[in-house]
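Okay, structure first, notes after.
Lettering of chains follows the sequences in order, A, B, ..., and the numbering in each one begins at 1.
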Amino acid sequence: MKPIPLAPDHFPELRSALLAHYDREARDLPWRRDRDPYRVLVSEIMLQQTRVDTVVGYYDRWLERFPTVSSLADADEGEVMKAWEGLGYYRRARNLHGAAKAVRERPQGFPRSSDELRALPGVGEYTAGAVASIVFGEVTPAVDGNVRRVLARLYDEPDPKPAWLRERAAELVDRGRPGDWNQAVMELGATVCTPQGPRCETCPLSVWCAAREAGTAEKRPAARKAKVVPHGRFVLAVVEMGGQVLLQRRPAGGLLGGLWAFPEQRVPDEAGRRDGSGEEAVGGTAIGIAIGIAEGLGLRVEGEHVRLPAVSHRFSHLHATYLPVVLRVGPGAEGVASGGGWQADGIGEELEEVRPLRWIGPDDSEVALPVAQRKVLQAWHEARSSKEVACESRR
DNA sequence: GACCCGTGGAC
DNA sequence: TGTCCAAGGGT
């Protein structure tokens, strides 16, 4: 069947076909149960660069803990980060928290237009369009990765530019059901017009699809060349005292910002070693570096220092190898994680914790830890447990 | 436009 | 095992 060249004359028929498909096949997702602006905003922020299956659990727990925009605005930042733990791109959590505070400060309440939504932290062009169309019925496009792929195939365009995508998406939006339309295109991209193995046989748009006719669907849009991901190595100071370890809160803004982690120091990477075995090249110096980290925190280490197995972790833009070293400190070290305070940063109204250090146990469930740090904590706990067992057996 | 920013699942 | 990449935003 030869496709019909897609002209504006065909838009009404195309819209009806996709909306009918959506009405029939749409997945039952938690954030589709109602059109509460706060809930839809939460879902859209969580869904940024994150799969639906991953988000569902976080979404339900989040709304249980922060059911309204004001409850989120009033929440402690540590609790917000804890609720986001494991979801990644942690700046989203702080931005969502900031957005809730911004909404609370608005006399008009929740922003009702895409332009106003765009002013909230963490809300860009896509998210503003999605919320405005879904919740408030604004006739505006929402171009995400799915929409980009669907349009690239529909027009057989190898390298669709943002401006071109915005124009195509805007002219196609269904005037009566803009929110359903935007979700329908995304849903099609996620379930039918997939990156690999698109199911053109079942696609309601196939009769208009130029890529299907040309046999180029799977090549549209053209793949971007993969970048080489650099490797980094970090010595971690696992400072142990009385069954607890010392964590430091990472500065907001950077990698894993706002989460708690073992104090670290980056060490030069061994050229050509990407297999994670390069830690041996550091040899005993890792312990010396770890001691330096601890001393920099005002701690005096004593007794035996033991290295834990290296932990490899892939971030989106960095392949990290962590070299954890367990250090012992004597009584009196509690003070490094107390006596801290809060201090204005002199710019905004936010308070910055002066000494973000704290002791935690192996089963701590209060602080938000990155996945790799959780692995190190677990390795420390297991090493410690096995040693205790060994001591027991000698008695 | 390029780069930074997490994680887990599919192949 | 390596590779891709998923309902992007900020700088």
Could you check how far [atom1] of [X] sits from [atom2] of [N], rounded to whole Å?
| X | N | atom1 | atom2 | value |
| --- | --- | --- | --- | --- |
| Y90(A) | dC5(B) | OH | P | 14 Å |
| E218(A) | dC11(B) | CD | P | 12 Å |
| L318(A) | dC3(B) | CG | P | 15 Å |
| R314(A) | dT7(B) | CZ | C1' | 13 Å |
| F315(A) | dC4(B) | CZ | P | 14 Å |
| H319(A) | dC4(B) | NE2 | P | 13 Å |
| L256(A) | dC5(B) | CG | P | 9 Å |
| R51(A) | dC11(B) | CZ | P | 10 Å |

Applying a 4.0 Å non-hydrogen cut-off, can you work out what [X] is touching in the nucleic acid: base, sugar-phosphate, or nothing?
| X | answer |
| --- | --- |
| I134(A) | nothing |
| R374(A) | nothing |
| V123(A) | sugar-phosphate |
| R149(A) | sugar-phosphate |
| G86(A) | sugar-phosphate |
| R32(A) | base |
| T127(A) | sugar-phosphate |
| Q183(A) | nothing |
| A142(A) | nothing |
| W31(A) | base |
| T50(A) | base |
| L87(A) | base |

Could you check whether atom CD of E64(A) has more than 12 heavy atoms from other residues, nucleotides or ligands sitting under 6.0 Å from it?
no
For atom CZ of R177(A), is the number of surrounding heavy atoms from other residues, nucleotides or ligands below 6.0 Å larger than 12?
yes
Do Y59(A) and W31(A) have ring centres separated by under 6.0 Å?
yes
Over 60° means perpendicular and under 30° means parallel, so tell me whether [X] and [Y] are parallel, tilted or perpendicular.
| X | Y | value |
| --- | --- | --- |
| H313(A) | F315(A) | perpendicular |
| F136(A) | F110(A) | tilted |
| Y322(A) | F234(A) | tilted |

Go through the side-chain N and O atoms of E382(A) and Q378(A) and say whether any donor and acceptor fall under 3.5 Å apart.
yes
Give a yes-or-no answer on whether the side chains of E138(A) and S113(A) include a donor-acceptor pair shorter than 3.5 Å.
no
Any side-chain N or O of H317(A) less than 4.0 Å from the OP1 or OP2 oxygen of dC5(B)?
yes
Contacts of K161(A) and L369(A) projected onto DNA chain B by closest heavy atom; the upstream (5') one is K161(A)
Residue whose nearest DNA chain B nucleotide is more 5′ - R92(A) or K227(A)
K227(A)
With [atom1] as the reference atom in both, quote the distance from [N] to [M] in angstrom, rounded to an integer.
| N | M | atom1 | value |
| --- | --- | --- | --- |
| dG8(C) | dG1(B) | C1' | 15 Å |
| dA7(C) | dC4(B) | P | 23 Å |
| dG8(B) | dT1(C) | C1' | 16 Å |

5' to 3' on DNA chain C, which nucleotides open and close the contacts with chain A (atom under 4.0 Å from a heavy atom)?
dG2(C) to dG10(C)
Do D74(A) and R104(A) sit within salt-bridge range, that is, some charged N less than 4.0 Å from a carboxylate O?
yes
Mapping E125(A) and Q196(A) to their closest nucleotides on DNA chain C, which lands nearer the 5' end?
Q196(A)
